[in-house]
Each structure stands twice: as C-alpha cells, then as structure tokens.
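What follows is a single structure, written as structure tokens, with notes after it.
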Amino acid sequence: MRFVRAIAGGVVAAALVPAAPAAADDIVRYKGPVEHIFFHPLLPEPQYTLHRGTQPAEFNKWMTTAKEFRGIVRQLYAKDWLLVDLESLFRRRKDGSLRWAPLRLPKGKKPLVISVDDLNYPEYMIVNHLNSKLVLDGSGNVAAKRVRPDGTTVVSRSSEIVPILDRFVANHPDFSHDGAKGTIALTGFEGILGYRTSGAGRHARKEQRRVAPVVQRLKDTGWTFGSHSYSHPDFGASSYTRVVADTDRWERFVEPLIGGDARIFVYPYGSPATGASLSYLRKAGFEIFCTIGPTASTTIRDGYAVQARVHVDGLSLMSQKSMLRRFFDPDSVLDPRRPALR
C-alpha cells in the first residue's frame with residue numbers, strides 16, 4: 001500500500017451461536033446484488049502506530065485496527081451476511097463471454113465478498129510495529145508475526161484478517177458459503193505475505209521456499225489470490241508501456257508462487273485501465289476487475305466483469321459512515337484509541 005492518493009468516495013446485538021445447517025427447502029436462488037468490501041492489513045496495537053511512528057495520520061486514514069475488524073466480523077455475521085468466493089460468481093459461456101453463475105444460499109442470507117490489499121508487509125509497516133509476515137503456527141494454522149517496540153516477537157491469530165476470519169469461520173461455519181473466506185490481492189515489489197520473494201537471487205529463492213507452505217495452507221482453507229499489480233502504479237494514468245512491464249513482472253515474480261493463472265485484477269487506487277492497457281490485462285488472463293465505489297455495482301461486459309468494492313478503513317469509519325451502515329454499525333466498532341482524522 002502506498003499512501004499517496006485519497007480514495008473518493010444501530011448497534012447489532014446477537015448471540016453468536018452457530019446455526020444448524022439449512023434444510024434443502026430453505027436454500028433459495030439469490031438474485032440480488034453481491035456486495036464487496038475490502039481492507040488493508042490491520043493495526044494490531046494502534047497505540048504504537050496511530051499516535052507515534054513515521055506516518056500515524058496515513059495509518060489512521062487507510063487502515064483498520066484488529067479490534068475493529070473483530071467487531072466488524074461479529075456484526076456481519078449477526079446481520080446475515082455470508083462470505084462467498086468472488087471467482088465462483090461467474091461462469092464462462094462457450095463463446096467466451098462471462099455470465100452470472102447460479103447462486104443458491106440459505107433463505108435470508110446476503111452474499112458478501114471480502115478482499116485484502118497489499119498483504120506484503122513492506123518495511124514501513126514492520127518498523128511501525130504492524131505485523132511483519134504470515135506464518136504457520138504449531139498447529140499448522142495461519143498466524144501473523146510481529147515485533148513490539150521492546151523487541152518481543154508475537155505470533156498471534158487475533159491480529160490480522162486471515163487468521164481472524166479463519167477462527168471465526170471455524171466457530172461459525174454458516175458464515176461461509178462452501179468454505180469461502182476472501183481474496184488476497186498481492187503486489188510483488190517487496191515480495192508477498194512478508195517474504196522477500198521477488199528476484200532471482202539466492203535469498204529470493206530461499207524466501208520463495210519459505211512462503212510456499214503458507215500459500216498452500218491459504219488455498220486449502222478457502223482463500224484465493226488476485227493481482228494488485230507488481231509495483232502499485234495508477235493504471236488509469238499509466239502508459240501502455242508501463243502497464244505491460246508491470247504486468248509482466250507480476251506474472252514472472254508473483255504468479256508462480258500462487259500456483260496458477262490469476263483471474264482477478266484489483267486496480268491500485270481503484271483506477272481502471274482502458275484501451276490497449278485493458279486489452280493487455282485481458283490477454284494476460286484477467287477477467288474479473290475490481291474498482292472502488294460506495295455501493296454494490298457489478299457490470300459484465302464482453303468476456304470480463306467489473307465489480308466495485310467498498311473501502312473499510314479509518315476514513316470511512318469516521319467520515320463516510322453512511323456507506324458502511326448496511327454492513328455494520330461504524331460507531332459501535334470504532335476503536336476508542338483512534339485520534340481524529342487530519
């Protein structure tokens with residue numbers, strides 16, 4: 001994530017008890033909109049990041065605290081949102097065009113896609129005591145590792161989006177449709193998931209081997225991967241030459257690590273490519289493109305789909321609350337440790 005450009009744009013009380021599996025006659029064809037919300041990596045201990053460090057005002061705008069995310073997930077579940085896999089929403093016809101795939105859900109449930117941008121943990125996150133990488137804990141589950149200011153290393157399943165959702169779905173399996181979790185949109189300029197994997201040197205090859213079991217565990221537990229570009233440029237303002245070079249680098253240094261061709265492209269800053277640049281992304285195999293917007297909006301065009309995502313961060317939690325209220329109550333989840341926006 002590069003903090004260089006702004007994004008435009010009742011308390012739920014319920015017992016979180018896993019629901020019984022839906023009976024066959026309670027499964028219905030869903031025909032409404034499919035919502036999509038996205039996050040950046042979480043702030044595990046905001047006292048270290050929102051009041052000191054190198055860029056507290058930027059973290060305050062664009063990121064969510066772990067406490068907030070845990071509260072958001074509880075409210076999403078209580079309000080009958082249901083996690084669905086983005087790729088599963090579309091099917092390809094014989095003529096190459098995309099169409100909506102039939103979506104059958106328990107009656108009363110509302111489909112929701114969650115995605116996570118920039119889960120690569122660059123150095124500026126590490127020095128500000130955010131998480132530093134995703135790891136496997138002693139039980140083989142995905143956890144987040146970080147280092148506190150006193151040098152203490154912490155491995156936790158309650159400080160980052162992936163392990164928080166993993167634990168919640170394990171306790172509330174009816175929050176997930178067919179085991180879906182979310183889409184992780186990866187850049188590559190500082191590696192992936194906290195491992196410095198890019199390049200062809202010995203260190204990069206070692207990091208590629210280290211990240212492999214984490215990637216596999218994510219895939220095995222309902223997570224999917226998409227491209228967020230290699231170097232996070234503005235695709236709407238980039239030249240065709242730059243788009244080609246960036247896309248080629250992502251395909252060379254990131255795509256092999258996730259074990260196959262990616263279908264999802266998440267535009268940096270939500271700024272879409274057009275013309276020849278879009279055509280090149282299509283030739284690279286991308287067919288689901290994600291932008292940013294305040295409401296659910298999915299357009300299926302010739303051979304590809306465009307879906308708007310709603311940003312959940314300090315900016316929307318404090319100054320754009322109206323677009324979040326259909327998902328959860330922003331005031332009740334807001335972390336009291338947040339300062340005012342500036």
Side-chain angles (χ1 to χ4, degrees), residues 1-3 6-7 9 35-46 49-50 58-77 81 83-86 112-122 125 128 130-131 133-134 142 144 146 156-169 175-176 180-187 192-194 218 222-228 232 264 266-270 290-294 296 307-321 323-330 333-335 338:
M1 169 175 36
R2 295 186 178 181
F3 298 120
I7 300 172
E35 295 276 11
H36 188 158
I37 59 176
F38 81 96
F39 300 82
H40 291 112
L42 300 182
L43 301 173
E45 297 177 281
T49 49
L50 297 183
E58 300 302 317
F59 287 133
N60 198 29
K61 283 182 185 176
W62 307 125
M63 303 183 86
T64 309
T65 74
K67 181 178 186 294
E68 289 167 343
F69 185 74
R70 292 192 296 268
I72 289 168
V73 170
R74 289 192 293 268
Q75 290 198 22
L76 291 171
Y77 177 70
W81 291 99
L83 299 179
V84 297
D85 174 62
L86 178 56
L112 178 69
V113 176
I114 287 181
S115 58
V116 192
D117 290 2
D118 306 307
L119 209 60
N120 56 344
Y121 303 112
M125 291 187 187
N128 283 285
L130 277 71
N131 293 305
K133 63 175 56 178
L134 296 184
V142 177
R146 70 181 187 275
S156 171
R157 299 196 69 213
S158 62
S159 66
E160 188 55 276
I161 289 171
V162 169
I164 290 173
L165 268 186
D166 284 348
R167 294 176 68 191
F168 194 88
V169 171
F175 184 49
S176 170
K181 300 285 179 57
T183 296
I184 298 172
L186 296 170
T187 56
I192 68 168
L193 307 178
L218 289 166
W223 293 91
T224 58
F225 293 97
S227 173
H228 197 37
H232 209 278
I264 299 169
V266 175
Y267 286 117
Y269 314 111
C290 296
T291 58
I292 295 173
Q307 185 173 71
R309 309 182 300 158
V310 176
H311 61 101
V312 183
D313 46 34
L315 183 65
S316 60
L317 284 169
M318 289 188 278
S319 69
Q320 299 172 354
K321 300 176 186 180
M323 73 178 185
L324 300 180
R325 289 197 174 104
R326 64 190 182 276
F327 304 111
F328 56 85
D329 174 36
V333 301
L334 191 68
D335 197 316
R338 277 194 184 273

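What you see is a predicted model, and the numbers here were worked out from it, not measured in a lab. Quick note: numbers below take in every heavy atom, side chains included, and nothing from hydrogens, waters or symmetry partners.
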request  = State, with a plain yes or no, whether a side-chain heavy atom of Thr187 is found less than 4.5 Å away from one of Asp118.
outcome  = yes
Verdict with reasoning, Leu83 to Leu165, per side chain to side chain contact (heavy atoms under 4.5 Å, CB included) = CA-CA 10 Å; Leu83 299 179; Leu165 268 186; 4.1 Å; yes
key: Option passing side chain to side chain contact (heavy atoms under 4.5 Å, CB included) with Leu86 (candidates Ile264, Thr224, Ile114, Val266)   = Ile264
inquiry  = For Ile164 versus Ala66, what's the shortest heavy-atom pair and its separation?
reply    = CD1-O, 4.3 Å
ask   = Can you check whether Phe69 reaches Val312 side chain to side chain, under 4.5 Å on heavy atoms?
value = no
inquiry  = Please report the interatomic distance OG(Ser115) to CZ(Phe225), rounded to the nearest 0.5 Å.
reply    = 13.5 Å
query = Hey, are the side chains of Leu43 and Asn60 touching, using non-hydrogen atoms and a 4.5 Å cut-off?
reply = no
request  = Please round to the nearest 0.5 Å and tell me the distance separating atom CG of Asp117 and atom NE2 of His40.
outcome  = 4.5 Å
inquiry  = Side chains of Tyr77 and Val169, heavy atoms from C-beta outward: is any pair under 4.5 Å?
reply    = no
Over all atoms of both residues, closest heavy-atom pair of Tyr121 and Pro41 = CE2-CB, 4.1 Å
Under 3.5 Å donor-acceptor, Arg70 side chain and Ser158 backbone = yes
task = Take the angle between the ring planes of Phe327 and Trp81 and call it parallel below 30°, perpendicular above 60°, tilted in between.
result = tilted
task = Verify side chain to side chain contact (heavy atoms under 4.5 Å, CB included) between Glu160 and Val116, making sure each step is shown before the conclusion.
result = CA-CA 11 Å; Glu160 188 55 276; Val116 192; 5.6 Å; no
ask   = Quick one: salt bridge (charged side-chain N to carboxylate O under 4.0 Å, His left out) partners of Lys181, sequence neighbours excluded?
value = Asp166
key: Distance, nearest 0.5 Å, that separates OG1 of Thr291 from OH of Tyr267   = 8.5 Å
ask   = Is the side chain of Ser159 donor-acceptor paired with the backbone N or O of Asn131 at a distance under 3.5 Å, no angle test?
value = no
inquiry  = If you compare all heavy atoms of Gln75 against all heavy atoms of Asp329, which two are closest, and at what distance to 0.1 Å?
reply    = OE1-N, 2.8 Å
key: Ser316 side-chain N/O to His311 backbone N/O, donor-acceptor pair under 3.5 Å   = yes
request  = Kindly indicate whether the side chain of Phe39, heavy atoms from C-beta on, has any atom under 4.5 Å from the side chain of Glu68.
outcome  = no
key: For Thr49 against Phe59, the heavy-atom pair lying closest together   = O-CD1, 3.9 Å
note = Nearest heavy-atom contact between Arg325 and Pro330 is CG-CD, 3.8 Å
request  = Just do the side chain to side chain contact (heavy atoms under 4.5 Å, CB included) check on Met63 and Leu130 with the steps written out, would you?
outcome  = CA-CA 11 Å; Met63 303 183 86; Leu130 277 71; 3.3 Å; yes
key: Given Leu218, Ile161, Leu134, Ile192, the one that forms side chain to side chain contact (heavy atoms under 4.5 Å, CB included) with Leu119   = Leu134
request  = Decide side chain to side chain contact (heavy atoms under 4.5 Å, CB included) for Thr183 and Arg309; before the verdict, give the C-alpha distance in whole Å, the side-chain angles of both, and the deciding distance to 0.1 Å.
outcome  = CA-CA 12 Å; Thr183 296; Arg309 309 182 300 158; over 6 Å; no
inquiry  = Could you measure the distance from the CD1 atom of Ile37 to the CG atom of Leu324? Nearest 0.5 Å is fine.
reply    = 8.5 Å
task = Drop me the distance from Glu45's CD to Lys67's NZ, to the nearest 0.5 angstrom.
result = 14.0 Å
ask   = What are the two closest heavy atoms between His36 and Cys290, and how far apart are they?
value = CE1-SG, 3.9 Å
ask   = Can you check whether Val142's main-chain N or O pairs, donor with acceptor, with Arg157's side chain at less than 3.5 Å?
value = yes
